[in-house]
Amino acid sequence: MKDVKTKVEQRLKDLIIAALDEAINDNVIKIEEIPDFFIEVPQDKEHGDFAANIAMLLAREAKMPPRKIGEAIAERIKKDAFIEKVEVAGPGFINFYLAPTWANEVIFDVLKCGQEFGRQSGQKGIKIQVEFVSANPTGPMHMGNARGAALGDALASVLKLAGYDVTKEFYINDAGNQIENFGLSLEARYLELLGHESEIPEGGYHGEDIKEHMQELIEKEGDRFLYMDSPSRRAYFIEYALKKNIQRMKTDLENFGVHFDVWFSEQSLHDSGQVDEVIKLLTDKGYTYEKDGALWFKASEFGAAKDEVLIRANGLPTYFAADIAYHKNKFDRGFDLVIDIWGADHHGHIARMKGALKALGYDPDKLVIIIMQLVRLYRNGEIARMSKRAGRAVTLADIVEEVGKDAARFFFNLRSADTHLDFDLDLAIKQSDENPVYYVQYAHARISSILRQAKEQGVDLPDIDNLTKDEFDKLANLLVEESELELIKKLADFPGEIKLAADNFAPYRITVYSQELAATFHSFYNKCRVLTDDQNLTTARLLLVMAAQQVIKNALSILGVSAPDRM
RNA sequence: GCGCCUGUAGCUCAGCUGGAUAGAGCAACGGACUUCUAAUCCGUAGGCCAGAGGUUCGAAUCCUCUCAGGCGCGCCA
């Protein structure tokens with residue numbers, strides 16, 4: 001279903017083209033073909049409901065001042081009851097002033113579609129994978145992972161609403177050096193806890209969680225591993241702790257409202273031979289060479305700054321090699337577009353990853369990498385690196401516990417991915433007007449309150465399914481106050497916002513939109529009473545606020561933020 | 001040194017594929033609750049869009065250079 005705005009824009013475009021054709025026939029404007037032009041909503045209300053920029057675009061070719069072109073077009077545009085006025089203004093904009101009821105239909109659409117309102121069509125069958133978080137399973141998730149989780153999940157939701165077939169995936173880095181170090185660290189703690197001298201190796205993990213794992217294991221299984229050879233017991237420790245950590249990550253993420261469709265193991269790529277296979281593929285194509293005992297990929301031939309090691313001199317494949325296999329695997333699974341969300345510290349990896357895909361014959365443009373700048377956590381006005389209670393880095397679970405899922409997810413999606421995000425703990429915790437998440441939720445709760453109040457007064461809530469389009473139109477035409485019309489127009493923006501957010505991979509737009517919508521509603525609320533003595537007006541306004549509530553809910557739902565009925 | 005990101009109001013940031021007088025929140029100041037939740041609203045003030053060139057009908061937006069901050073440039077991931 002086409003949304004109201006798209007329909008209107010198309011209609012105005014057709015009118016302009018018809019008028020322009022006429023002007024060309026009249027020999028007033030001389031051009032070869034009609035260029036692509038915009039119909040947009042002017043920033044300033046004084047400039048009408050919609051504006052077209054076509055006159056400026058034609059100025060050069062037609063060798064006429066834009067305003068003259070605009071006038072030639074404007075005077076040929078057929079006006080009707082829907083179009084009240086057409087004017088040429090500014091540098092040559094053609095401004096359209098429409099009947100104030102032009103967007104009313106959106107209320108009808110919202111109430112008919114419910115949670116489906118905003119869904120775009122036309123992308124059916126296009127498969128997109130969003131891979132995000134992919135935190136190291138060697139310990140708890142940190143703030144960066146939390147931002148990634150909020151961002152990735154909201155992005156996936158936006159893409160789904162935009163009509164794509166979306167899969168959310170978590171890549172478990174359960175192989176390689178870090179896992180080795182993880183094992184060595186576990187072993188060291190185990191020995192230490194049993195009174196043996198031992199030290200955590202360089203690059204090892206010093207966190208309390210390592211000790212806790214081993215403490216727990218000792219309680220369950222005692223000291224029997226003292227008598228096992230070192231590699232075997234490390235393998236056991238790794239399997240044991242990894243399983244716990246992964247389970248913990250799943251739980252923490254679920255508590256954060258983030259659910260993954262697929263958990264993909266890096267180790268499985270090694271076990272199944274896919275890593276070896278992809279290295280062989282690159283070698284067969286002549287894109288590798290040996291140097292210093294290692295096998296290198298000629299990444300510099302594919303746009304990267306330098307070549308990269310695939311197999312180390314010690315015979316073990318690098319993370320990069322596994323990642324190539326992983327991305328090949330993604331495309332072989334049939335995804336049309338693969339999106340990775342990485343922390344800013346990984347941006348150096350982009351060129352070589354795309355280079356590898358190119359070398360393998362895949363289109364590197366089908367891999368979109370969203371680089372997310374790092375999070376700075378503030379507490380009491382200063383940068384907080386450590387959790388006060390636990391004396392360790394602040395984790396995702398800490399954030400959920402301290403500030404709550406709703407505030408955290410809202411905050412992380414408040415800014416675009418490429419800004420360095422300042423997360424102010426005090427502000428996020430604060431249940432006050434300084435906290436933007438409550439502002440939006442409050443709008444939703446307020447509407448619930450009105451609806452409750454209506455029922456108490458014996459007013460029946462209107463049911464869109466029991467209204468004919470005619471009856472609806474009659475009611476909606478009663479909405480003539482400035483603040484009512486503003487709210488209606490804001491609702492009409494939602495489908496377009498979904499599209500923009502999806503096209504730009506920018507879910508934070510929805511957060512911003514939700515704030516604007518809430519503001520428009522609050523403003524309306526202060527100017528217009530919903531429950532009045534006028535029965536028809538009351539019904540009309542109920543329809544309006546019910547629609548507003550639905551859209552607020554839809555927007556918050558994308559962000560993973562709840563829409564409370566009371567606050 | 002090279003690459004990526006950032007530089008817009010006192011602070012945090014929007015500004016979409018270039019468009020009309022650069023916006024919002026917070027902070028500041030002044031107003032609005034006997035009426036559906038004042039977690040709200042209305043108003044005031046606050047800007048050489050880091051700087052300099054260029055592209056054009058038109059630049060915060062695109063290009064080049066300079067300056068400032070962050071990150072990266074491993075046989076780590």
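The sequence lines fix the lettering, A, B, ..., with proteins before strands; numbering per chain opens at 1.
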J.: With C1' as the reference atom in both, quote the distance from B:U8 to B:G25 in angstrom, rounded to an integer.
T.: 15 Å
J.: Please state the P separation for the pair B:G23 and B:G15 - nearest whole angstrom.
T.: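 The answer is 15 Å between these two P atoms.
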J.: Run A:T511 and A:N413 through side chain to side chain donor-acceptor pair (under 3.5 Å) and show every step you take.
T.: CA-CA 6 Å; A:T511 320; A:N413 275 307; 5.2 Å; no
J.: Need one value for A:A443: base, sugar-phosphate or nothing, where a base atom within 4.0 Å counts as base even if backbone is also close, heavy atoms only.
T.: nothing
J.: Please check if the number of heavy atoms outside A:Q43 that lie under 6.0 Å from its CD is greater than 12.
T.: no
J.: Could you check if a side-chain atom of A:T6 sits within less than 4.5 angstrom of a side-chain atom of A:P495, using non-hydrogen atoms only?
T.: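 Side chain of A:T6 against side chain of A:P495, heavy atoms only: no contact under 4.5 Å found.
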J.: Can A:Y439 be said to stack with the base of B:A39, given centres closer than 5.5 angstrom and planes under 30 degrees apart?
T.: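 So no, this residue does not stack on that base, at least one cut-off failing.
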J.: Would you kindly compare A:I311 and A:R566 by the position of their nearest RNA chain B nucleotide and give the one closer to the 5′ end?
T.: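 First, find each residue's nearest nucleotide; the 5'-ward one identifies A:R566.
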J.: Searching all strands shown, indicate the nucleotide that pairs with B:C41 (Watson-Crick or G-U wobble; both distances under 3.5 Å).
T.: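 The answer is B:G31, by the H-bond criterion.
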J.: Does one side chain, of A:Y289 or A:D307, offer a donor that lies under 3.5 Å from an acceptor on the other?
T.: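 Yes, side-chain donor-acceptor contact under 3.5 Å.
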J.: Measure from CZ on A:F521 to P on B:A39 and round the result to the nearest Å.
T.: 14 Å
J.: According to a strict under-4.0 Å criterion, is A:R312 in side-chain N/O contact with OP1 or OP2 of B:A77?
T.: yes
J.: Using whole Å, report how far CD of A:E266 lies from P of B:C76.
T.: 13 Å
J.: Let's test this: given Watson-Crick or G-U wobble pairing with both distances under 3.5 Å, identify the partner of B:G7.
T.: B:C67
J.: For nucleotides B:C13 and B:G47, find the distance between their C1' atoms and express it as a whole number of Å.
T.: 15 Å
J.: In whole Å, what is the span from the CD atom of A:Q441 to the C1' atom of B:U40?
T.: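 A:Q441 atom CD is separated from B:U40 atom C1' by 15 Å.
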J.: Whether A:R352 contacts B:C73 is assessed here as follows: a side-chain N or O lying under 4.0 Å from the phosphate OP1 or OP2. Is that the case?
T.: no
J.: Considering Watson-Crick and G-U wobble pairs with both distances under 3.5 Å, what does B:G1 pair with?
T.: B:C73
J.: Just to confirm, is there a sub-4.0 Å distance from OP1 or OP2 of B:C42 to any side-chain nitrogen or oxygen of A:Y525?
T.: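 For B:C42, neither OP1 nor OP2 has a side-chain N or O of A:Y525 closer than 4.0 Å.
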J.: What's A:S449 touching, base or sugar-phosphate or nothing? Going by heavy atoms closer than 4.0 Å.
T.: base
J.: Taking NE2 from A:H346 and C1' from B:G74, how many angstroms apart are they, rounded to a whole number?
T.: 13 Å
J.: Indicate, with a heavy-atom threshold strictly under 4.0 Å, whether A:L57 touches base, sugar-phosphate, or nothing.
T.: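 The answer is base, as A:L57 lies within the cut-off (heavy atoms under 4.0 Å) of a base atom.
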J.: For B:A22 and B:A60, measure between their C1' atoms and round to the nearest Å.
T.: 7 Å
J.: At under 4.0 Å between heavy atoms, what does A:N95 touch on the DNA or RNA strands: base, sugar-phosphate, or nothing?
T.: base
J.: Could you identify the nucleotide paired to B:A22, looking across every strand shown and requiring Watson-Crick or G-U wobble geometry with both distances under 3.5 Å?
T.: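 Because no pair has both required distances under 3.5 Å, B:A22 counts as unpaired.
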J.: Looking only at atom types and distance, does a side-chain atom of A:D323 sit under 3.5 Å from a main-chain N or O of A:Y319, one as donor and one as acceptor?
T.: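 Answer holds: no.
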J.: For a quick check of understanding: with a heavy-atom distance under 4.0 Å over all strands, which category does A:F320 fall into, base, sugar-phosphate or nothing?
T.: nothing
J.: Using the C1' atom as the reference point in each nucleotide, state the distance between B:G46 and B:G10 in Å, no decimals.
T.: 9 Å
J.: Name the nucleic acid region contacted by A:N504, choosing base, sugar-phosphate or nothing; use a 4.0 angstrom heavy-atom cut-off, strictly under.
T.: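 Sugar-phosphate, no base atom in range.
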J.: With rounding to whole Å, what would you report as the distance between B:C62 and B:C16 at their P atoms?
T.: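 Result for the P pair: 8 Å, nearest Å.
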J.: Establish, with yes or no, whether the OP1 or OP2 oxygen of B:U40 is under 4.0 angstrom from a side-chain nitrogen or oxygen of A:S523.
T.: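 No, because none of the side-chain N or O atoms of A:S523 sits under 4.0 Å from OP1 or OP2 of B:U40.
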J.: Please tell me whether A:F320 and A:H349 form a close aromatic pair, meaning their ring centres lie under 6.0 Å apart.
T.: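 They qualify: ring centres under 6.0 Å apart.
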J.: When you measure from the side chain of A:Q441 to the backbone N and O of A:Y439, does any donor-acceptor pair fall under 3.5 Å?
T.: no
J.: Could you tell me how far B:A14 sits from B:A9 if I compare only their C1' atoms? Round to whole Å.
T.: 13 Å
J.: Which of the following nucleotides, B:C13, B:C41, B:C36, is nearest to the side chain of A:H522?
T.: B:C41
J.: Which nucleotide, in any strand shown, forms a Watson-Crick or G-U wobble pair with B:C48, with both distances under 3.5 Å?
T.: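 When the pairing criteria are applied, nothing turns out to pair with B:C48, so the answer is none.
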J.: When you check the phosphate oxygens OP1 and OP2 of B:A20, does a side-chain N or O of A:Q43 lie under 4.0 Å from one of them?
T.: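 So the side-chain polar atoms of A:Q43 do come within 4.0 Å of the phosphate oxygens OP1 or OP2 of B:A20, strictly under.
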J.: Check every strand shown and say whether A:K63 touches a base, only sugar-phosphate, or nothing at a heavy-atom separation below 4.0 Å.
T.: nothing
J.: Please report, rounded to the nearest Å, how far the P atom of B:C76 is from the CG atom of A:N314.
T.: 7 Å
J.: Between A:N177 and B:C76, is there a contact of a side-chain N or O with OP1 or OP2 at under 4.0 Å?
T.: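 Checking B:C76 against A:N177, a side-chain N or O does come within under 4.0 Å of OP1 or OP2.
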J.: What nucleotide, of B:U56, B:A77, B:C5, holds the atom closest to the side chain of A:D418?
T.: B:C5
J.: Would you classify A:D292 as touching base, sugar-phosphate or nothing, given that sugar-phosphate means primed atoms plus P, OP1 and OP2, and contacts are heavy atoms under 4.0 Å?
T.: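 Base: the residue A:D292, judged by heavy atoms under 4.0 Å, touches a nucleobase.
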J.: Which part of the nucleic acid does A:A294 contact within heavy-atom distance under 4.0 Å: base, sugar-phosphate only, or nothing?
T.: base
J.: With a 4.0 Å cut-off on heavy atoms, is A:A313 in touch with a base, just the backbone sugar-phosphate, or nothing at all?
T.: base
J.: Output the single nucleotide from B:C16, B:U40, B:G72 whose closest atom is nearest the side chain of A:L500.
T.: B:C16
J.: Step by step, work out the salt bridge (charged side-chain N to carboxylate O under 4.0 Å, His left out) result for A:K306 and A:E308.
T.: CA-CA 7 Å; A:K306 59 186 188 59; A:E308 297 291 336; 3.1 Å; yes
J.: Considering Watson-Crick and G-U wobble pairs with both distances under 3.5 Å, what does B:C62 pair with?
T.: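 When the pairing criteria are applied, B:G54 turns out to be the nucleotide that pairs with B:C62.
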J.: What's the CG-P distance between A:L543 and B:C36, to the nearest Å?
T.: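 The distance from CG of A:L543 to P of B:C36 comes to 22 Å, rounded to the nearest Å.
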J.: For A:H347 and B:G72, do the ring centres fall under 5.5 Å apart while the planes stay under 30° apart?
T.: no
J.: Please determine if a side-chain N or O atom of A:R60 lies less than 4.0 Å away from the OP1 or OP2 oxygen of B:C57.
T.: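 Yes.
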J.: Please report the distance separating the P of B:C11 from the corresponding atom of B:A28, rounded so that it comes out in whole Å.
T.: 15 Å
J.: Taking the minimum atom-to-atom distance to the side chain of A:L531, which one of B:G72, B:C36, B:G19 wins?
T.: B:C36
J.: Starting at CD1 of A:I447 and ending at C1' of B:U40, how long is that distance when rounded to a whole Å?
T.: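 About 13 Å, once rounded to whole Å.
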J.: Would A:K489 and A:D49 count as a salt bridge (charged side-chain N to carboxylate O under 4.0 Å, His left out) here? Give the steps.
T.: CA-CA 10 Å; A:K489 281 191 250 178; A:D49 296 300; 3.8 Å; yes
J.: Side chains of A:R312 and A:T318: closer than 4.5 Å at any heavy-atom pair?
T.: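 The answer is yes; the side chains approach within 4.5 Å.
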J.: Between A:N136 and A:E46, who's closer to the 5' end of RNA chain B by nearest nucleotide?
T.: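 The 5'-side residue here is A:E46.
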J.: Looking across every strand, which nucleic acid part, if any, lies under 4.0 Å from A:A506 by heavy atom: base, sugar-phosphate, or nothing?
T.: nothing
